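Worksheet: one structure, shown below.
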Amino acid sequence: MPAHKPAKPSRAEVEKLRREIEEHNYNYHVLDRPTVSDAEYDALLRRLEEIEAKWPEFRTRDSPTQRIGAPPAEGFSVVTRAVPMLSLENAMAEEEFRAWRERLVRAVGSAGEGDYVAEPKMDGVAVELVYEDGTLVQASTRGDGVNGEDVTPNVRTIRAIPLRLMHPAKGAKPPKTLSVRGEVYMPLADFERINKKQMESGEKLYANPRNTAAGSLKQIDPGVTATRPLKFFAYGIGSAEGTTIRSQWDLLQALRRWGLPVNPLSKRCQTIDDAIAFHNELEEKRPKLPYEIDGVVVKVNDFGVQEEAGTRSRSPRWAIAWKFPPQEARTRVLDIEVQVGRTGALTPVARLEPVRVGGVTVSNATLHNADEIEKKDVRVGDWVFVRRAGDVIPEVVAPVKELRKGSLPKFKMPEKCPVCGTRVVRPEGEAVTRCPNFACPIQVRGRLIHFVSRGAIDIEGLGFKLVDQLVTAALVETPADFYKLTVDDLIPLERMAEKSAQNVIDAIERSKHTTLPRFIYALGIRNVGETVAEVLAEHFGSIEALMEASEEELSSIHGVGEVIAQEIRTWTSVAGNRKLVRDLVKAGITFARAPRATSTELAGKTFVFTGTLTKFTREEAEAEVKKRGGKAASSVSKNTSYVVAGENAGTKLEKAQKLGVEVIDEDAFLRMIRR
DNA sequence: ATCCCTCGAGTTCA
DNA sequence: CTCGAGGGAT
């Protein structure tokens with residue numbers, strides 16, 4: 001377009017443009033169904049900005065362009081409200097929840113028997129929004145309920161919050177003055193993203209989404225708040241005067257019609273058991289939700305019954321917050337111990353005062369490596385927040401620095417291996433610190449355990465306890481020694497009678513019949529996992545050929561680069577390792593033919609399995625895929641053809657959805673391979 | 001030289 | 001599951 005001046009639009013045209021932008025905001029934030037791309041949305045907003053810049057007479061305070069614009073505040077003034085924002089009584093367990101209902105029924109008679117609304121309890125910041133004639137004029141934090149802080153300029157930057165209410169053609173118009181209550185929160189993914197950025201720029205990490213949301217709302221400069229990905233769910237109003245709304249459920253629908261986001265999981269419950277079921281279902285969904293919740297709020301639906309139930313000094317009798325057991329808990333670091341793995345990697349692990357998190361007692365949490373400890377600045381004696389990452393593995397989130405008394409010494413990686421005393425090394429640019437002593441007893445033991453593990457040689461009944469005993473009794477030093485064991489060797493060991501000893505010996509015997517990839521993997525060469533072992537087996541066809549391979553030949557293989565090639569060549573040139581392979585072969589190890597792909601029906605397809613599979617094991621499924629010429633990968637990318645999701649699928653499922661990868665369930669997978 | 005996809009290794013608790 | 005890093009594509 002040539003740079004000619006556009007004609008001045010009419011007031012109606014500007015208004016139409018605003019409505020269009022508001023509509024898109026509504027679709028996106030309230031209905032969660034975007035109807036235009038971000039780029040299209042931005043284009044509309046930019047056009048409006050240009051018009052308003054050129055013809056200032058069109059500027060209005062409630063225009064979508066006016067989300068940022070107020071100058072930084074001098075601090076926050078206090079807002080005093082006529083109808084206080086009450087807090088809720090808490091219930092921690094089902095009995096307490098039922099007790100609440102008993103009291104309710106006593107207070108209001110049979111009216112309290114049924115008809116509730118159950119809503120997720122957002123873990124965010126409670127705010128009140130005041131709309132005058134449909135325009136947002138004030139926003140405040142809850143504060144003590146009566147007095148809150150005026151955070152209007154900051155709240156205006158939150159896109160999920162309409163600056164103007166919508167007036168549906170049919171249905172109740174909002175009252176002249178409407179105070180909406182709800183929760184400002186930060187989605188988990190956004191929280192993680194900005195924390196990652198903080199980490200990269202070496203800044204302080206935020207403890208959790210709620211604190212980050214609260215901190216964002218209390219920014220002096222609304223420009224800063226505008227950069228924070230905050231969202232909002234409305235759940236109530238200050239007073240229902242001037243409306244015809246007579247129940248909580250109708251209120252939620254009305255809020256939604258007025259253009260305010262309402263949590264779609266909220267549910268009307270006809271009986272107390274429905275509410276209990278809702279709580280339990282939500283607790284299960286909780287780890288998969290894109291935001292944090294800390295419980296369920298159950299309210300009496302009918303406003304008339306609510307009034308009858310009345311309010312105690314600080315909380316209404318007609319509502320209760322039934323909390324979930326915390327997923328994040330505070331505890332103390334008793335010690336930081338350093339473990340040594342089979343490759344000699346030194347891993348610091350925090351020993352914690354046992355604490356219940358998400359239903360289990362946590363007493364250990366990995367701290368990964370020295371950098372990680374440095375980054376989080378965790379010290380022995382600190383109070384720390386612990387959470388179960390991805391549903392399972394405990395993780396130290398951050399120390400509570402305010403509770404650090406005096407000065408605690410910083411953690412330092414030991415200079416010597418805690419097991420064998422050898423001076424440890426940390427190669428330039430690497431995160432791990434290692435003990436270089438190949439003969440370090442813990443490495444020896446680690447290699448033995450790896451050798452017998454599932455996926456490797458797989459000796460059933462030979463676990464880490466028994467390996468420990470065998471090493472201590474000097475019966476086993478290298479994997480080849482397993483094949484020299486007799487029942488009489490085992491019987492003197494703890495918890496070993498003749499029967500179990502015989503079972504172990506039998507299992508050892510059975511393990512002699514294996515496959516080449518498993519055997520190569522079992523050797524425990526650094527960076528040679530199951531996949532690389534398979535590639536090597538495919539290429540060389542025999543262990544002897546692999547043992548004689550040159551570095552050049554190795555690195556020419558697809559999937560093997562310089563690093564791995566050198567690692568393998570170094571390993572195969574060590575006399576002890578060559579002897580180990582000879583001894584194992586002499587002991588009678590034989591290799592089954594690797595099952596070749598029997599069809600090509602899944603050729604070119606890549607599968608990723610995630611979650612708890614109930615109809616088959618992951619190994620079986622992967623074998624089926626390979627048999628049909630397909631590939632089984634461990635992580636989801638845009639190259640993935642299908643993600644097969646079992647129960648409780650976690651981040652991989654999310655990623656699949658984000659990348660638009662097809663997700664199928666176990667049955668669909670079975671149908672696919674049965675054909 | 002850089003980015004993206006994978007793989008490998010280490011870890012927790014019931 | 002998560003992180004770091006190897007390998008290959010661009």
Side-chain angles (χ1 to χ4, degrees), chain A residues 192 195-196 199-200 287-288 336-352 354-373 375-376 386-397 426-434 442-443 446-447 449-450 453 455-456 464 517 520-536 554-568 606-612 618 622 631-641 648-655 659 661:
Chain A
E192 275 152 22
N195 234 2
K196 199 169 167 192
M199 191 180 283
E200 278 158 9
K288 284 174 255 167
I336 297 178
E337 276 177 25
V338 176
Q339 297 180 351
V340 185
R342 82 174 154 98
T343 63
L346 270 63
T347 309
V349 176
R351 301 283 170 225
L352 307 167
V355 64
R356 284 193 72 80
V357 184
V360 301
T361 306
V362 167
S363 40
N364 304 300
T366 177
L367 292 166
H368 300 295
N369 54 53
D371 286 350
E372 183 86 1
I373 297 183
K375 225 159 36 191
K376 291 185 175 165
V386 177
R387 88 176 150 208
R388 296 219 299 154
D391 221 9
V392 212
I393 296 174
E395 170 186 51
V396 170
V397 183
R426 180 171 170 193
E428 184 100 24
E430 281 190 26
V432 260
T433 310
R434 272 178 216 283
I442 201 105
Q443 288 191 43
R447 284 195 298 270
I449 290 167
H450 172 76
S453 71
F464 119 107
I520 295 172
Y521 171 63
L523 296 175
I525 304 169
R526 179 109 59 92
N527 289 326
V528 177
E530 282 165 297
T531 308
V532 174
E534 227 161 90
V535 170
L536 292 170
L554 285 162
S555 59
S556 74
I557 302 168
H558 187 93
V560 180
E562 261 172 66
V563 176
I564 296 182
Q566 201 191 341
E567 206 73 63
I568 297 170
T606 304
F607 289 76
V608 173
F609 295 90
T610 186
T612 315
R618 185 167 304 217
E622 289 176 355
K631 259 176 60 181
S634 54
S635 54
V636 181
S637 73
K638 62 176 197 285
N639 303 332
T640 310
S641 319
N648 294 320
T651 53
K652 282 186 209 168
L653 180 57
E654 268 171 54
K655 192 159 178 204
L659 293 174
V661 171

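Naming: A, B, ... by sequence-line order, numbering from 1 per chain. Keep in mind that the numbers below use all heavy atoms, side chains included, and drop hydrogens, waters and symmetry copies. No experiment lies behind these values; they were computed from the predicted model shown.
Regarding contacts with the backbone of B:dT12, every side-chain N or O of A:Ser363 stays at 4.0 angstrom or more from both OP1 and OP2. At the phosphate of B:dC4, neither OP1 nor OP2 sits under 4.0 Å from any side-chain N or O atom of A:Lys638. Put simply, A:Thr366 has no side-chain N or O that comes within less than 4.0 Å of OP1 or OP2 on C:dT2. An OP1 or OP2 oxygen of C:dC3 is reached within less than 4.0 angstrom by no side-chain nitrogen or oxygen of A:Asn369. For B:dG10, one of the phosphate oxygens OP1 or OP2 lies less than 4.0 angstrom from a side-chain nitrogen or oxygen of A:Thr343. Within the 4.0 Å cut-off from OP1 or OP2 of B:dA9, at least one side-chain nitrogen or oxygen of A:Arg342 is found. For B:dG8, the OP1/OP2 oxygens have a side-chain nitrogen or oxygen of A:Thr531 closer than 4.0 Å.
The distance from atom NE2 of A:His368 to atom P of B:dG10 is 13 Å, rounded to the nearest whole Å. Rounded to an integer number of Å, the gap from NZ of A:Lys631 to P of B:dT6 is 6 Å. Straight-line distance from the NZ atom of A:Lys375 to the C1' atom of C:dT2: 12 Å, rounded to whole Å. The distance between atom CD of A:Gln443 and atom P of B:dG10, rounded to the nearest whole Å, is 10 Å. Atoms CZ (A:Arg434) and C1' (B:dA9) sit 9 Å apart, rounded to a whole Å. A:Leu346 has its CG atom 15 Å from the C1' atom of B:dT11, to the nearest Å. Between the P atom of B:dG10 and the CZ atom of A:Arg447 lies a distance of 12 Å, rounded to the nearest Å. One interatomic measurement links the two molecules: CD of A:Glu372 to C1' of B:dG10, which rounds to 13 Å at whole-angstrom precision.
Looking at the side chain of A:Gln339, the nearest of the listed nucleotides B:dT12, B:dT11, B:dG8 is B:dT11. The side chain of A:Ser637 sits closest to B:dT6 out of C:dC3, B:dT6, B:dC13. Between B:dC13, B:dC7, B:dG10, one nucleotide has an atom nearer to the side chain of A:Val362 than all others, and that is B:dC13. For A:Thr347, the listed nucleotide lying nearest its side chain is B:dT11; candidates were C:dG4, B:dG8, B:dT11. Comparing B:dC7, C:dG7, C:dC1 by their closest approach to the side chain of A:Thr610 singles out C:dC1. Looking at the side chain of A:Pro394, the nearest of the listed nucleotides B:dC7, B:dT12, B:dC5 is B:dT12. For A:Ile564, whose side chain is taken as the heavy atoms from C-beta onward, the closest listed nucleotide among C:dG6, B:dC13, C:dC3 is C:dG6.
Put simply, NE2 on A:His450 and CD on A:Gln443 are 13.5 Å apart, with the number rounded to the nearest 0.5 Å. Summarising the geometry, atom CZ belonging to A:Arg447 is positioned 11.5 Å from atom CD1 belonging to A:Ile442; distances are rounded to the nearest 0.5 Å. Atom CD in A:Glu337 sits 8.0 Å away from atom CG in A:Asn364 (nearest 0.5 Å). To the nearest 0.5 Å, atoms CG (A:Leu536) and CG (A:Leu523) are separated by 10.5 Å.
Across A:Pro348 and A:Ile336, no two heavy atoms sit closer than the pair CB-CG2, 3.9 Å. Shown here for A:Leu367 and A:Ala350, the closest heavy-atom pair between the two residues is CD1-CB, 3.7 Å.
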Sub-3.5 Å pairs of nitrogen or oxygen atoms, protein against nucleotides 8-10 of chain C:
from  : atom 1 : to       : atom 2 : distance (Å)
C:dG8 : OP1    : A:Gly559 : N      : 2.4

For residues 556-568 of chain A, which side-chain N or O atoms pair as donor and acceptor with protein atoms under 3.5 Å away, sequence neighbours left out?
from     : atom 1 : to       : atom 2 : distance (Å)
A:Ser556 : OG     : A:Glu553 : O      : 2.6

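At distances below 3.5 Å, not a single donor-acceptor pair connects side-chain atoms of A:Thr606 with backbone N or O atoms of A:Thr640.
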